[in-house]
There are 2 protein chains.
Amino acid sequence: MEWRLDKDRPICPQIEELLAAGIARGEFAAGERLFSVREVALQAGVNPNTVQKAFSELERDGLIFSRAGSGWFVSEDTSRAVRQVEELARLRTAAYYQGMRALGKERPDMIRMLEEVSDE
Amino acid sequence: MEWRLDKDRPICPQIEELLAAGIARGEFAAGERLFSVREVALQAGVNPNTVQKAFSELERDGLIFSRAGSGWFVSEDTSRAVRQVEELARLRTAAYYQGMRALGKERPDMIRMLEEVSDE
DNA sequence: ATTACTGTATTAGTACAATAATACGGTTTG
DNA sequence: CAAACCGTATTATTGTACTAATACAGTAAT
């Protein structure tokens with residue numbers, strides 16, 4: 001797994017989102033064991049405490065669960081991950097739309113710029 | 001002017017962006033006097049220091065300038081504001097696109113969601 | 001000139017995210 | 001059993017954004 005983290009945004013939610021997206025798209029199957037906290041911290045170049053926090057919040061959301069001393073595992077019900085990612089995508093889209101409106105851009109401008117950006 | 005600030009993002013750049021956008025779209029003409037630091041702070045409900053910092057950075061970018069004791073004014077060359085806002089819109093669009101890709105969304109998904117969001 | 005605004009600067013305090021360095025106990029494996 | 005992994009918890013420290021409370025000097029109007 002590639003941990004492409006944006007330095008200008010809080011790391012913890014980014015780890016949550018990347019993992020949730022991986023589960024939602026089926027990259028990690030139900031019941032499968034995940035990387036350990038220390039592994040992720042090493043790979044992503046962040047502090048283990050930050051990873052632990054991210055995992056704990058995903059556990060609170062019911063996406064993953066831990067067995068003390070053994071590791072982290074994907075929950076049986078992966079539909080939660082799908083719904084959570086869908087909701088996040090909607091929120092991001094709304095934020096993008098409002099932000100662009102504040103800059104004086106309308107929907108056609110956004111679509112045009114999206115096409116420019118994705119043609120690279 | 002309406003100062004609609006997002007609590008979950010740093011305030012200072014938000015003020016910069018709103019003001020730059022106002023200049024870019026011609027809401028504030030070249031040479032025109034702007035609100036005072038204290039006025040903006042009061043209207044937006046933030047600290048005067050934060051507004052001062054935002055204004056100073058816009059001055060560094062050449063969008064506005066100050067006359068000590070008198071106030072802040074829009075620079076003669078407003079094309080800088082236009083270019084700056086255009087660049088910001090591009091950056092935002094790229095960030096949105098990459099972020100959505102990380103969530104497993106493709107361009108058609110984004111355009112569909114944009115249409116859903118803007119129909120409200 | 002006095003008054004009431006301006007911009008500007010300084011210092012301190014608060015809140016939060018992330019880092020750093022450990023420590024403890026559970027699980028697995030040889 | 002012992003070693004090497006796990007998750008978990010704690011305390012301290014750093015960096016940043018923002019707030020708070022002033023203070024000082026320039027400008028403009030009465």
Side-chain angles (χ1 to χ4, degrees), chain A residues 1 3-20 23 28 31-76 88 95 99, chain B residues 1 3-20 23 28 31-76 88 95 99:
Chain A
M1 177 140 190
W3 298 100
R4 234 162 96 184
L5 300 177
D6 182 357
K7 208 179 73 85
D8 294 334
R9 264 176 50 216
I11 298 170
C12 188
Q14 289 188 65
I15 293 175
E16 298 175 40
E17 290 161 12
L18 285 174
L19 207 49
I23 296 172
F28 307 106
E32 187 179 332
R33 183 178 179 279
L34 295 166
F35 321 95
S36 74
V37 168
R38 291 174 177 86
E39 269 176 340
V40 174
L42 205 62
Q43 285 176 21
V46 299
N47 193 280
N49 292 343
T50 306
V51 180
Q52 169 73 23
K53 188 179 172 192
F55 277 34
S56 294
E57 305 213 348
L58 285 178
E59 181 177 40
R60 182 180 48 78
D61 297 338
L63 299 200
I64 63 180
F65 65 94
S66 70
R67 278 204 289 258
S70 176
W72 286 92
F73 302 84
V74 179
S75 295
E76 291 307 320
L88 179 58
Chain B
M1 177 139 191
W3 299 98
R4 233 163 97 184
L5 300 177
D6 181 357
K7 206 178 73 86
D8 294 334
R9 266 175 50 215
I11 297 170
C12 188
Q14 289 188 65
I15 293 175
E16 297 175 40
E17 291 161 12
L18 286 174
L19 207 50
I23 296 173
F28 309 106
E32 186 179 333
R33 183 179 180 277
L34 295 165
F35 322 94
S36 74
V37 168
R38 292 173 176 85
E39 269 176 339
V40 174
L42 205 63
Q43 286 175 19
V46 298
N47 195 281
N49 292 344
T50 306
V51 179
Q52 169 72 24
K53 189 179 172 194
F55 278 35
S56 294
E57 305 213 347
L58 284 178
E59 181 177 40
R60 180 180 49 79
D61 297 337
L63 299 200
I64 62 179
F65 65 94
S66 70
R67 280 205 288 257
S70 178
W72 286 92
F73 302 84
V74 178
S75 295
E76 292 306 321
L88 179 58

Compare all side-chain heavy atoms of A:Val46 with those of A:Ile15 and state whether any distance is below 4.5 angstrom.
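A side-chain contact under 4.5 Å exists here.
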Sub-4.5 Å side-chain heavy-atom contact between B:Leu18 and B:Met1
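Yes; the side chains approach each other to less than 4.5 Å.
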Find which nucleotide of DNA chain D each of B:Lys53 and A:Arg33 is nearest to by heavy atoms, and output the residue with the more 5' nucleotide.
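Looking at DNA chain D, the more 5' nearest nucleotide goes with A:Arg33.
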Name the residue closer to the 5' end of DNA chain D, choosing between B:Gly69 and B:Cys12 according to the nucleotide with the nearest heavy atom.
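It is B:Cys12, whose closest nucleotide lies nearer the 5' terminus.
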With a cut-off of less than 4.0 Å, is there a side-chain N or O of [X] near OP1 or OP2 of [N]?
X       : N      : answer
A:Trp72 : D:dC6  : no
B:Ser66 : C:dT8  : yes
A:Thr50 : C:dT19 : yes

Take the protein atom [atom1] of [X] and the nucleotide atom [atom2] of [N], then report the distance between them rounded to whole Å.
X       : N      : atom1 : atom2 : result
A:Phe73 : D:dC6  : CZ    : P     : 11 Å
A:Asp6  : C:dA17 : CG    : C1'   : 15 Å
B:Phe55 : C:dA9  : CZ    : P     : 15 Å
B:Glu57 : C:dT8  : CD    : P     : 13 Å
B:Asn49 : C:dG7  : CG    : C1'   : 12 Å
B:Arg60 : C:dG7  : CZ    : P     : 19 Å
A:Gln52 : D:dC6  : CD    : P     : 13 Å

Of the listed nucleotides D:dG7, C:dA20, C:dG7, the one nearest the side chain of A:Asn47
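Nucleotide nearest to A:Asn47's side chain: C:dA20.
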Counting only side-chain heavy atoms from C-beta out, which of D:dA17, C:dA17, C:dT27 sits nearest to A:Pro10?
C:dA17
Is there any ring-ring contact (aromatic ring centres under 6.0 Å, His included) pair reaching into residues 42-66 of chain B, and which pairs are they, with sequence neighbours excluded?
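Qualifying pairs, neighbours excluded: B:Phe55-B:Trp72, B:Phe65-B:Phe73.
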Which atom pair, heavy atoms only, marks the closest approach of A:Pro48 to A:Val37?
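Scanning both residues completely, I find the closest heavy atoms to be O-CG1, 3.4 Å.
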Working for side-chain contact (heavy atoms from CB on, under 4.5 Å), residues A:Thr50 and A:Lys53
CA-CA 5 Å; A:Thr50 306; A:Lys53 188 179 172 192; 5.8 Å; no
Atom CG in A:Leu63, atom CG in A:Leu19: separation rounded to 0.5 Å?
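Result: 8.0 Å between the selected atoms.
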Determine, for B:Glu16 against B:Arg60, whether the closest basic-nitrogen to carboxylate-oxygen distance falls under 4.0 angstrom.
no
Tell me which residues in residues 34-44 of chain A lie within less than 4.0 Å of DNA chain C, going by non-hydrogen atoms.
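Contacts with DNA chain C under 4.0 Å: A:Arg38.
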The answer to which of B:Glu59 and A:Arg9 contacts DNA chain C further toward the 5' end, by nearest nucleotide, is B:Glu59
